[in-house]
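Whatever order the structure lists them in is the order used to number ligands and atoms, beginning at 1.
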Amino acid sequence: MTQPHTLTAGIAVDNPATGAVIDHVEEASAADVAQAVARARRAQHGWARLSPRARARLFARARLWLLSHRQEVVDTIVAENGKAAEDAIVEVVYGVTAFAYWAKKAPRLLGNARVRTLSPLVLGRRMYTRRVPVGVVGIIGPWNNPLINSFGDAIPALAAGNAVVLKPSEYTPMTALLMEKMTRECGWPDGVFQVVTGAGETGRALVDTADFIMFTGSTKTGRAVAARAGERLVPCSLELGGKDALIVLADANIERAVNLAVHGALVNGGQMCTSVERVYVEAAVYDAFVNRLREQFAQVADVGAMTFPPQLSTVTEHVDDAARRGARVLHGGHAGAGPGRFFEPTLLVDVDHSMACMREETFGPTLPVMKVANAEEAVRLANDSPYGLQATIAGSDTGRARRLAEQLEVGCVTINDVQSNYMALGLPMGGWKESGLGVRHGAEGIRKYTKLQAVSVNRFPLSRDLHMLPFNPANYRFILNLVKAIHGRRPFFGKKGTR
Ligand code: NDP
């Protein structure tokens, strides 16, 4: 939906760092959304028929546009989200890389795949799968990363031959509108990528009409989206909340572990689904880690503003609850005086799992740190959560860290790194438990936007197959003997009983 940025009514978009209203966007009705989806459906047929090379050329134009307009994109993200400019640059880098990555990989990841079978009933058939775009992908994006998490999901969907209708967060719609303008300036076909602005009603209308829903946001709304998608029998992919743990092992490089904690907890004001939300430190290095962490918290600058107004109360409640239950605040602890929405970087110790800050998603610049007897206790506590998005382990013995990673109930683990996996587009990223369904990135991150068609070709058709009606017992004895000959032997497990 194209709209000039001169509205004075509709949804007001403010700058979280200053409180000033920067623009207004319209609230798309259910009829507007249905119209956009119908337009997308018409455009999708031509888009899907374009060769991958032709789509790659349009992606290349967009990639170059992003680079040449990077300052405008960064300014737009910063103005509506309140994050530091450096953090917005990361979003531009992601967008540029994603256009290059999906243009290059889509043909191979979506190509026909030959299938072989062990069944004697279909010997000699040529079988393969082919992938067909789902049609119109509806994306509902969050406010924490207005380009990465919203438009970023559109790129593989488009690379797979779908049209996209994106509903950005009502708090940060300007970047998505700028991306829509980009596609026009790059000569993309009309209707292939559209933006509808609005809140819950607009989102519900999109879930009611699109052929696939990609949702990023809270677990509560994710459940409602999945329920509606289930009623309509359309697929959905959900990237929801997290309560990511950092485990600091006794052999960790403490300076790096501290930097992982500071960056992981405070970048973008801690408003990342992959933020480090809690730390477990082996007792032997606890004092050294906490002392250095406290020094670093005192020095850190460029922590973003709180984009989503109610988030300030959530963060305040979690800090107050922890303090009431016996936690010590080693740094920060309060909301800023305004006019912007800021919360001080806050370091909490003497915390335990009775406190909301260790169990519920805080989504703010806070870091509770807990001493544990050993790595086993750290793993047990890390798994004591309804969420299962990511975890980080800091430790020099990477073999041991990998063994511990295998015990963690999360979709992604980084060892001696934090959040960097998100930039590796070949690596799937998605949550277990209440953190989501499905993944973005990796082969599944683009294949999910397709329907699978299975084709079986009998190249040497006889008049009648052995198993066909009318049944002949002799044919079935022959079939059974064939199965016994092929599959009737004991399994081979090698010399030591291993496969
Ligand atoms: P929500 O998940 O609650 O909402 C996301 C968007 O979906 C909003 O525009 C919302 O509209 C809309 N919506 C509400 N109900 C439906 C529905 N049934 N179908 C379709 N769309 C719907 O996120 P919020 O932005 O309100 O943030 C709440 C919490 O979510 C945060 O405090 C944070 O914990 C978490 N969050 C997680 C993110 C992540 O990256 N995983 C990103 C952002 C937030 P409306 O505002 O009218 O309800």
- Is a side-chain N or O of N162 found less than 3.5 angstrom from the main chain of G135, in a donor-acceptor match? yes

Using a 6.0 Å cut-off, check whether atom NE2 of H45 has over 12 heavy atoms from anything other than its own residue.
yes

Discussion item. Test your reading of the model: is there a side-chain donor-acceptor pair from R447 to the backbone of L109, 3.5 Å cut-off?
Written reply: yes

By side chain to side chain donor-acceptor pair (under 3.5 Å), D320 pairs with (sequence neighbours left out) none

Sorted by chain and residue number, the residues having a heavy atom closer than 4.0 Å to an atom of ligand 1 are I140, P142, W143, N144, K167, E170, A199, G200, G203, R204, V207, F215, T216, G217, S218, T221, A224, V225, E239, L240, C273, F308, Q311, E361, F363

Residues passing the side chain to side chain donor-acceptor pair (under 3.5 Å) test with T307, sequence neighbours excluded, are N81

By ring-ring contact (aromatic ring centres under 6.0 Å, His included), Y387 pairs with (sequence neighbours left out) none

